[in-house]
Structure formats: structure tokens, C-alpha cells
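See structure below.
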Amino acid sequence: GYAKSGVDFGFGLELLLNPERVKDYNVAYEIMVQGMTTGGGYANGKKCSQFFTAAQTDYVSARAMVNGSDKAQAIADLAIAFEAILLDARLQ
């Protein structure tokens with residue numbers, strides 16, 4: 001939990017002693033990027049490269065990085081809509 005992730009991400013025991021720090025934008029961003037690229041911390045051993053490649057985009061299964069399969073389809077639908085908006089904006 002907080003102790004291991006804090007040490008893994010360079011925060012020492014700060015997250016264990018002050019778990020509210022994970023709500024800080026910079027801390028949350030660091031945890032998210034490190035976790036999703038390495039599979040460490042709260043990413044449950046999963047990483048983006050397992051779900052997103054040149055051949056596949058699997059938003060539903062990618063939910064496993066954060067919270068199992070809780071609301072995976074609803075979150076995948078939002079991700080697909082957001083991706084479409086970003087791609088559309090890129091073309092203009």
C-alpha cells in the first residue's frame with residue numbers, strides 16, 4: 001500500500017504518514033505515470049504496454065491497472081470518446 005508505493009516512488013514514508021498527499025496533483029501524476037509504465041505500485045503489476053500497442057487498444061482490460069474491472073466498460077466508453085475528441089482536434 002502506501003508504505004511500499006511511497007518508497008517505490010521516492011516519497012519515503014510520506015504517503016504512509018500522510019495518505020492525503022496522493023490527492024496532490026504532482027504526487028498523483030508521479031504515481032500514475034510510474035505505475036502505468038512499470039506496473040508497480042497501485043497498477044497491480046499491469047502496465048500500459050500490455051493493453052495499448054500498434055495492433056490493439058484495450059481500454060476495458062486496461063482498467064485492471066487501477067481497480068480491477070470496476071465500471072470497466074463505462075470508463076472505456078469515456079476513454080474512446082475522449083480519444084476521438086483528441087484525434088479530431090489534432091486534425092484541425
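- Residue F82 places its CZ atom among 12 or fewer non-hydrogen atoms of other residues, nucleotides or ligands, all under 6.0 Å distant.
- Using a 4.5 Å cut-off between side-chain heavy atoms of Ile, Leu, Val, Met, Phe, Trp and Tyr, with links allowed through other members, V33 and V22 fall into different hydrophobic clusters.
- Between D8 and T38, every side-chain heavy-atom pair lies at or beyond the 4.5 Å cut-off.
- Linking Ile, Leu, Val, Met, Phe, Trp and Tyr residues whenever their side-chain heavy atoms come within less than 4.5 Å places Y29 and V66 in a single cluster.
- Side-chain heavy atoms closer than 4.5 Å link hydrophobic residues (I, L, V, M, F, W, Y) into clusters, and following such links, even through other members, never connects I80 to I85.
- If you check the side chains of D77 and Q73, you find a donor sitting under 3.5 Å from an acceptor.
- The backbone N or O of D70 sits less than 3.5 Å from a side-chain atom of R63, completing a donor-acceptor pair.
- For the residue pair N26 and D24, the shortest heavy atom distance occurs at N-OD2, 3.0 Å.
- In the hydrophobic clustering of this structure, L78 does not group with Y59; members are Ile, Leu, Val, Met, Phe, Trp, Tyr whose side-chain heavy atoms approach within less than 4.5 Å, directly or through other members.
- Interatomic distance, CG of N18 versus OH of Y2, reported as 10.5 Å (0.5 Å rounding).
- Nearest approach of A43 to G35, heavy atoms of both residues: CB-O, 3.2 Å.
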Steps toward side chain to side chain contact (heavy atoms under 4.5 Å, CB included) verdict (L15, I31): CA-CA 11 Å; L15 301 182; I31 290 170; 3.9 Å; yes
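- Nearest heavy atom pair, residue M65 against residue C48, reads SD-N, 3.6 Å.
- Listed for the Q56 side chain is a donor-acceptor partner under 3.5 Å among the backbone atoms of Q50.
- Cluster membership check: V27 shares its hydrophobic cluster with L13, using side-chain heavy-atom separations under 4.5 Å among Ile, Leu, Val, Met, Phe, Trp and Tyr.
- Across S61 and F51, no two heavy atoms sit closer than the pair O-CE2, 3.4 Å.
- At a threshold of 4.5 Å between non-hydrogen side-chain atoms, the residues L87 and R90 count as touching.
- Considering OG1 of T37 and CE of M32, their distance stands at 10.0 Å, rounded to 0.5 Å.
- A donor-acceptor contact shorter than 3.5 Å is absent between the side chain of N44 and the backbone of K46.
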